[in-house]
Amino acid sequence: MGSIQLKGVRKDFGTVAVIKGVDLDIKDGEFVVFVGPSGCGKSTLLRLIAGLEDATGGQVLIDGKDVTEVGPSERGLAMVFQSYALYPHMSVRKNIAFPLMMAKTPKDQIDAKVAKAAATLNLGDYLDRRPGQLSGGQRQRVAIGRAIVRDPTAFLFDEPLSNLDAALRVQMRVEIGELHGQLKKTMIYVTHDQVEAMTMADKIVVLDKGAVAQVGSPLTLYNKPDNLFVARFIGSPTMNVLSGAAAAKRGAASIGVRPEHVDVSTTAGEWKAKVRLAEHLGSDTFVHADVEGAGQMTVRREGEAALHAGDTIYLTPQEPRVHRFDAAGLRVA
Amino acid sequence: MATRQGQALGRLAVAPAVAALAAWSIVPLALAIYYAFLHYQLDNPDNTFFAGWSNFYYFVTDPFFAKDLFNTVALVLLVLAITIAGGVLLAILLDRPMWGQGIVRVMVISPFFIMPTVSALVWKNLMMHPVYGFFAHVWRAFGLTPVDWFASIPLLSVGIIVGWQWLPFATLILLTALQSLDLEQKDAAQMDGAGTVDFFRHITLPHLMRPITVVILIETIFLLNVFAEIKVTSVGGLAGNLTYLVFSQLNDANDVGEAAAGGLIAVVLANLVSAFLVRIVGRNLEA
Amino acid sequence: MARRESLAKKSAWTLVAWAIGFVMFFPIFWTGIAAFKSEADAYSLPRTWLTSPWTLENFAIVQARSNYLQYVFNTTVIAVLSTLLGLAFAIPAAWGMAFQPETKPSVNLSGKAWALILLFFFAVTAAIALSVGWRMTDNPLLGLALILLFGLPIAAWVWTRRTGDKLLWMLSTKMMPPAGALIPIYLIFNRNGLVFRQWGGVDLGDWNLIDTFAGMVPLMMLLNLPIVIWMLYTYFKEIPFEILEAARMDGAGLWQELSKVLAPMAVPGIASTLLLNVILSWNEAFWTLNLTNKNAAPLSFFISEYSSPEGQFWAKLSAASLMAIAPIMVLGWFSQRQLVRGLTFGAVK
């Protein structure tokens, strides 16, 4: 079992409210990602669940039990830290075995569990090394190994991939996803990277300035962002947001249209624009264009498009894909 | 960051040290103020009464006071001059590639680990004795009249001893700082065509400014309180400092009140200096 | 060509450096030579140091005449006990300040308000003291009460500061010149400070801490405590807090977190701190000269006895000095880096 509920959780540092009352329902076995820009409180929220910070108000429930006043060592959760936080004076074997030793597990069981975790994570050859002798990816695996051996109620990941290089990050992303598939345990994962959020999550929680901006599946957030903040945060390149005549015509204070939902023509269309820069990636072409009377827009074309700086083009949004927002930035249905 | 329970535990853990140091700094201060206004002589304790400011008056008008105040400052400045100038040179020298660097380093820093009474007596006798000392032999070898160090130039003599003890400290700190000088900076400066002198003036010296300040301030704390070297070489009458004067008020004159008043004056002097120190070290702490 | 030039350069630097190194080391070297000469030869050392006979008699005589080993014992007891006592205070303090720092003052009063409070308490203290004729000799309880009245607001101010200010305040206690504390400590050590001999009918005339370990060990501990705390603090600061949090997540209780995770990582820092503190207290020579003379007198006092004109035996002075400095010098060689860090309060590493 591993369901987690937050009820009106608040956290103040002095007079500054870092978490402004968060309600959240995480079901057993879900992979939930907290995402948001730096300073939005996502790490603090994770630490509140872990018990490493205590809440100023509200309740944290694990499997229906109120654990708000329970210390981190008794919540039965496992955490993978950004810096991995491996014990530098212990071998890999001891690092992984440490939670089991704390739980006073019999020695033969510890050995068996460590061996199993090491096999799962391809760490068999490194068990007698110190963390200092391992590469970043290997350290990451040890940290995960340390988390899985104790069979926790839920796993907490605090930006675990941010210290790895790009290639390794993709690989570890896949591995963590597979791990979730195997273990079928609740996982809460904090990241500032929306690609990680989109690819890994069953459910994404977007946080903005200490409050939940939207909760939903990756595609819900992509297709139906509740507000401008989510609309801009999810999706790459960023959604184009236009106000003025184009918005007024559609009965909104501002409209958003994703770069991949704009049709490009060299002859006619809604907006006349001039290409400033075309980025040819092979699989895609990103066109940055100056739209007359509406500012800058980014357009994504699949494959290679024969567009170059200085070309005049016409842009037309795909009407069903236009998102409308009111003056407060909330979605207009 | 962290929990209320952790915070409480942290405060609890800090409490004994704060209490000990608070007692250590407050009780003597309170008592010193008490004594400083008390007419109280160890050999006549029954005739003890409130003395007003007279202890301060007598201490300040003591013929030794002006001289010893001057000596206190002069000794600090003299030793600082020796250790900073010597320290920069030695640090740069030790930073060069050479054979047996470790041994040279050990030889240079050794004086710092010599207890003050030992270095004072070794210098006074083996080195500076006017007849049998090493310097006397050297002087005579060159046909010169040996110097009677402690009789003719007592302050300088004490300064040399104390300077010898503290030169390693300055060297060690400046060397540590020098070794943290970015190697790429050296390469870049060479690419830019900087010569040795330019490099020293524009790169090395500015880089050493912070550690030099640290050295000055820390040495000053200790140098204001030089005592053993003066007492053991018996130059208290000729080149005593404030610390020594307070000691002799207690030891020779048995006058608690006046000694306490002198001690408070030393406290004020040290506080003026340390106000600067706290500020600068504090700035480094935040960085 | 270039290589040969740099070889020549290196040789030149080596020569200069060795020469200067030897000059710095010379007084120690010379002491070492004199220690192995007869008294008569020690006075003509510069001419005869290679030719005159070598002898070990000085060491035997120093021990026989003055019970040298007793002083070694005293020095060691003071240095080691004060260091251990200091660590008992400093380790929790450094832990608390490094891992549970207070970023804000716990009581929010302006500097002006504090100054007024302190001034008020000082004035009240002084007024009461003056009203009884400034004499606490007859009334020890009143004296203690006045010290409390004077000290409590200061202690309260310190206690409510944030961690960074607490550290700076600790440092500032190190700047208290010994001359200022000499008189009070001297009187506390031999006559209760307030100069009373009776307290509620109990005769305290025999109260004495002068020349005792009971006096010297705590005193030495307090002298070095700020340095010890600072040094440990800078070491603890380098241990990532996340590792301790990881231990918590792994189910470790406080004691296990401290003993299984923090302690093994802190051992090198604690060892360096211990080493530096032993060196500092071994060489301390203000309080030892003023407050000891026999029973708890350490080596620095013992050597100072050679300053009297009748004590002028160079060879024996050298032998005694050599024995007094050798162990600590060797320790010092091994702790150069820690020394820099400890004595600069972490400002230079």
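Each chain gets a letter, A, B and so on, in the order its sequence line appears, and its residues count up from 1.
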Is the closest side-chain heavy-atom distance between C:Leu87 and C:Asn277 below 4.5 Å?
no

Contact between C:Thr14 and C:Lys10 at the side-chain level, heavy atoms closer than 4.5 Å - yes or no?
yes

For residues 85-94 of chain A, give me every residue with a non-hydrogen atom less than 4.5 Å from any non-hydrogen atom of chain C.
A:Ala85, A:Leu86, A:Tyr87, A:Pro88, A:His89, A:Met90

Could you check whether A:Tyr189 and A:Phe34 have their ring centres less than 6.0 Å apart?
no

If you draw the axis of the six-membered ring of C:Trp255, does the NZ or CZ of C:Lys260 fall within 45° of it and under 6.0 Å from the ring centre?
no

Measure distances from A:Ala103 to the heavy atoms of chain C and classify the residue's part below 4.5 Å as side chain, backbone, both or neither.
neither

I'd like to know if A:Lys11 and A:Asp54 make a salt bridge, using a cut-off of under 4.0 Å between side-chain N and carboxylate O.
yes

Ion pair present between A:Asp12 and A:Arg10, side-chain N to carboxylate O less than 4.0 angstrom?
yes

Can you name the one residue among A:Leu6, A:Val22, A:Leu24 that meets side-chain contact (heavy atoms from CB on, under 4.5 Å) with A:Val205?
A:Leu24

I'd like to know which of A:Pro72, A:Pro99, A:Ala50 tops the heavy-atom pair count under 4.5 Å against chain C.
A:Pro99

